[in-house]
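Okay, structure first, notes after.
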There are 2 protein chains.
Amino acid sequence: MVIKNTAVSSRAGAAPTIVDVAEQAGVSIKTVSRVLNHEPGVQEKTRERVLKVVADLKYRPKLSARSLAGARSFLIGLLYYDPSAAFVAGVQKGAALRCREAGYHLVVESLHNDALDIDQQVERMVSALRPDGMILTPPLCDNAKVIKALSDAQTPCVLMSPRVVSPDERSVRIDDVHAAEEVTNLLISLGHQRIAFVQGPADQAASGLRYEGFERAMLAHGLSVEAELVQAGDFTFPSGVAAAHQLLSRRVKPTAVFAANDDMALGVLAAAQRLGLSVPTDLSIAGFDDSPAANLVWPPLTTVCQPMEAMARTAVEMLILPNRVDNETSDSAPQQRVLPYQLQVRNSTCAPRGHAAPAIKSKKA
Amino acid sequence: MVIKNTAVSSRAGAAPTIVDVAEQAGVSIKTVSRVLNHEPGVQEKTRERVLKVVADLKYRPKLSARSLAGARSFLIGLLYYDPSAAFVAGVQKGAALRCREAGYHLVVESLHNDALDIDQQVERMVSALRPDGMILTPPLCDNAKVIKALSDAQTPCVLMSPRVVSPDERSVRIDDVHAAEEVTNLLISLGHQRIAFVQGPADQAASGLRYEGFERAMLAHGLSVEAELVQAGDFTFPSGVAAAHQLLSRRVKPTAVFAANDDMALGVLAAAQRLGLSVPTDLSIAGFDDSPAANLVWPPLTTVCQPMEAMARTAVEMLILPNRVDNETSDSAPQQRVLPYQLQVRNSTCAPRGHAAPAIKSKKA
DNA sequence: CTGAAAGCGCTTACAG
DNA sequence: CTGAAAGCGCTTACAG
């Protein structure tokens with residue numbers, strides 16, 4: 001004996017369904033659905049009546065039902081692997097908030113970039129969850145197996161700061177080259193000439209781009225990039241320490257060090273201070289990323305701030321908005337977005353010893 | 001004209017459903033369901049046949065369908081608000097990995113702890129998503145409105161490091177008092193007597209507990225806790241800097257400072273070094289949390305490592321495992337779990353100047 | 001040990 | 001502008 005809940009209001013305790021709303025509003029469930037999905041073709045008066053009942057009953061459409069019946073799951077996936085803590089925090093906050101604003105939810109999955117069956121892991125997750133889109137963070141955004149698995153499953157994705165920007169893939173990033181160029185220009189404008197650079201690992205996108213920016217700025221100012229002032233690193237603190245020991249043992253020491261990321265810059269800072277150097281007066285140091293630790297040391301680090309939160313919000317929008325009509329781009333070309341970074345000038349950089357004032361400081365105002 | 005996909009194999013392109021599996025295996029969908037859910041009462045031979053077809057077809061049950069039909073959603077929610085980056089990263093990794101192992105998925109939501117309608121935000125999210133459980137991190141785990149909203153929605157939750165441990169709520173934490181006691185004991189055993197303490201904000205759980213541990217250890221060793229050596233702080237770097245300036249201006253300076261968290265300890269470190277003190281020889285410094293930055297400075301910080309990942313895994317298990325039969329606790333009493341922390345002794349602590357060797361070092365072995 | 005039927009709560013084509 | 005019907009792909013009671 002099955003008791004259908006089409007009688008009277010509804011069974012107490014259980015959450016209200018679209019049927020309950022339809023009955024109380026005196027319309028069909030289809031009309032309720034139309035109102036909830038902002039579909040056109042509902043009389044204003046009807047719409048208001050439905051909305052009132054929805055509010056009264058505190059009706060919330062169940063995600064699983066919408067997902068099963070319709071084409072959308074209202075789920076956005078965030079895939080990451082061993083990211084810097086700062087990265088996760090920012091990306092996650094931006095993505096989660098933007099999702100909520102749009103009635104979506106953020107599902108995060110932690111993967112091992114080197115797992116042999118990573119494509120199967122992705123396939124498994126995607127076919128169970130059916131997310132409407134996926135956000136890939138480094139280094140997963142450069143993992144061909146992951147991207148192929150997603151493409152096979154016809155799941156749209158956005159790459160955050162990918163190594164290579166392809167016209168076939170949507171991506172969000174900052175202009176690393178330009179940012180590194182600006183940092184270098186800052187050092188040069190302070191009067192530095194012997195500027196060392198600590199590189200990141202060769203297999204990471206950012207490494208090459210940041211070095212390129214450094215080199216470009218140096219050459220543009222007629223400064224040479226000496227091989228002995230370019231030190232290898234791998235984005236870790238210890239590699240920054242090691243690089244500093246090398247650099248500071250040169251016959252002519254650099255007056256400034258630009259490390260391709262903050263962790264290494266912090267290593268340089270620690271090493272320099274241990275060697276008795278005063279930062280920034282004896283040695284200026286600049287990093288990249290504006291990690292939380294950059295502001296938790298003395299002197300706080302001059303660095304580049306990537307707008308993690310904004311980048312994540314943008315990524316979510318690129319996955320959600322295409323469903324709506326209000327975007328101009330009529331062709332289905334995937335988009336590449338470049339967001340503005342911010343140069344954070346703090347106390348780890350100043351003019352080199354014996355150099356009175358910044359060289360170029362003719363304000364144009 | 002509706003084309004049912006009960007013909008032949010299945011329509012090409014579309015993902016296989018339970019019906020496809022049932023047909024190819026020559027059983028009913030109910031049997032397939034039994035096999036997939038590890039229900040008893042399926043002949044071994046039948047089970048194997050079904051499993052083979054599942055593998056061949058790469059069949060993955062769709063979450064939305066399972067969720068709509070059944071009592072479980074296979075979704076675990078993680079609620080957080082502005083946590084330290086290190087916290088998010090660890091918690092998230094542990095929770096996401098444990099979820100995947102169990103066929104669950106982790107949905108994260110970022111909330112504003114001070115939002116007036118936070119209970120409605122939670123209610124909204126829970127009634128749409130229907131997660132099988134929820135993990136609350138500080139300070140949300142101490143937010144009565146959030147807890148009530150969850151309880152009203154009959155969504156089980158686990159509190160991570162809550163301020164108050166209630167028998168009505170499941171929780172996972174470490175023993176803050178004991179950990180702080182051990183840090184203090186370490187300093188005392190090195191020979192320190194004038195040990196300063198930098199407190200956390202009064203409204204945070206950990207603050208009081210850590211101070212309690214500090215005080216307990218001091219008193220146990222017959223050392224007095226002088227009011228002028230206990231400085232207020234708010235868990236931020238600047239408050240650590242400020243506290244250090246106060247403490248180091250006392251008539252008799254402390255030889256060691258124990259800060260209730262790492263960010264403040266880093267502030268103390270930065271301030272001490274700026275004042276020309278050598279750490280640890282002039283001043284020993286200890287923190288709490290083992291934040292990433294603790295290892296990104298020189299000297300690296302002696303601190304307490306909370307097993308974030310393990311705590312998160314445990315939290316997930318406490319939400320998932322009750323569904324199974326294999327846990328001993330027959331009564332439905334919520335559980336409180338206390339996990340082991342780890343003392344990280346690094347280079348920011350040593351014996352005070354003029355003190356040859358650690359005072360108490362009679363090894364009991 | 002196995003299965004036929006009903007139902008979960010929505011959206012998708014249709015039809016008017 | 002509105003609605004009746006079918007269906008999404010599973011699990012839940014049943015029944016044998």
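So you know, we letter chains A, B, ... as the sequences are listed, proteins then strands, and number each from 1. The basis for the numbers below is simple: all heavy atoms, side chains too, and nothing from hydrogens, waters or symmetry mates. Not measured: the values here are computed from a predicted model.
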| query | Does B:Thr17 make a side-chain N or O approach to OP1 or OP2 of D:dG9 shorter than 4.0 Å? | reply | no

Contacts of A:Arg47 and A:Ile29 projected onto DNA chain D by closest heavy atom; the upstream (5') one is A:Arg47

Note on DNA chain D: ranges paired as stems (three or more Watson-Crick/G-U pairs in a row, both atom distances under 3.5 Å) are C:1-3 with D:14-16, C:5-12 with D:5-12, C:14-16 with D:1-3

So ring pair (Phe, Tyr, Trp, His ring centres under 6.0 Å) across residues 23-43 of chain A, not counting sequence neighbours, yields none

Open item on the list: Would you measure the distance from the C1' atom in C:dT12 across to the matching atom in D:dT2 and give it in whole Å?
Closed with: 16 Å

Separation between the P atoms of C:dA13 and D:dC1, rounded to whole Å: 22 Å

Value in whole Å for how far the [atom2] atom of [N] lies from [atom1] of [X]:
| X | N | atom1 | atom2 | value |
| --- | --- | --- | --- | --- |
| A:Ile18 | C:dG7 | CD1 | P | 18 Å |
| B:Glu44 | C:dC1 | CD | C1' | 13 Å |
| B:Glu23 | D:dC10 | CD | P | 13 Å |
| A:Arg72 | C:dT11 | CZ | P | 9 Å |

For B:Gln43, the side-chain contact (heavy atoms from CB on, under 4.5 Å) test, sequence neighbours excluded, returns B:Thr46

Looking at residues at least two apart in the chain, or sitting in another chain, which of them share a salt bridge (charged side-chain N to carboxylate O under 4.0 Å, His left out) with [X]?
| X | value |
| --- | --- |
| A:Arg49 | none |
| B:Lys30 | B:Glu39 |
| B:Arg100 | A:Glu109 |

Hey, can you pull the donor-acceptor pairs under 3.5 Å for the side chains in residues 112-119 of chain B, sequence neighbours left out?
{"residue": "B:Asn113", "atom": "OD1", "partner": "B:Asn143", "partner atom": "ND2", "Å": "2.8"}
{"residue": "B:Asp117", "atom": "OD1", "partner": "B:Gln121", "partner atom": "NE2", "Å": "3.1"}

Residues at least two apart in sequence or cross-chain that pass side chain to side chain donor-acceptor pair (under 3.5 Å) with B:Arg337, listed by chain then number, are B:Gln335

Here the residues of residues 30-41 of chain A within 4.0 Å heavy-atom distance, strictly under, of DNA chain C are A:Lys30, A:Ser33, A:Asn37

Numerically ordered, the residues 48-69 of chain B set in heavy-atom contact under 4.0 Å with DNA chain C is B:Leu68, B:Ala69

Rounded to the nearest 0.5 angstrom, the OG-CG distance for B:Ser151 and B:Asp168 is 9.5 Å

Applied to residues 59-69 of chain B, the salt bridge (Lys or Arg N to Asp or Glu O under 4.0 Å) test, sequence neighbours excluded, yields A:Glu123-B:Arg60

Sorted by chain and residue number, the ring-ring contact (aromatic ring centres under 6.0 Å, His included) partners of A:Phe74 (sequence neighbours excluded) come out as A:Tyr104

For this session: Indicate yes or no: at least one non-hydrogen side-chain atom of B:Leu150 is less than 4.5 angstrom from one of B:Leu136.
Result: yes

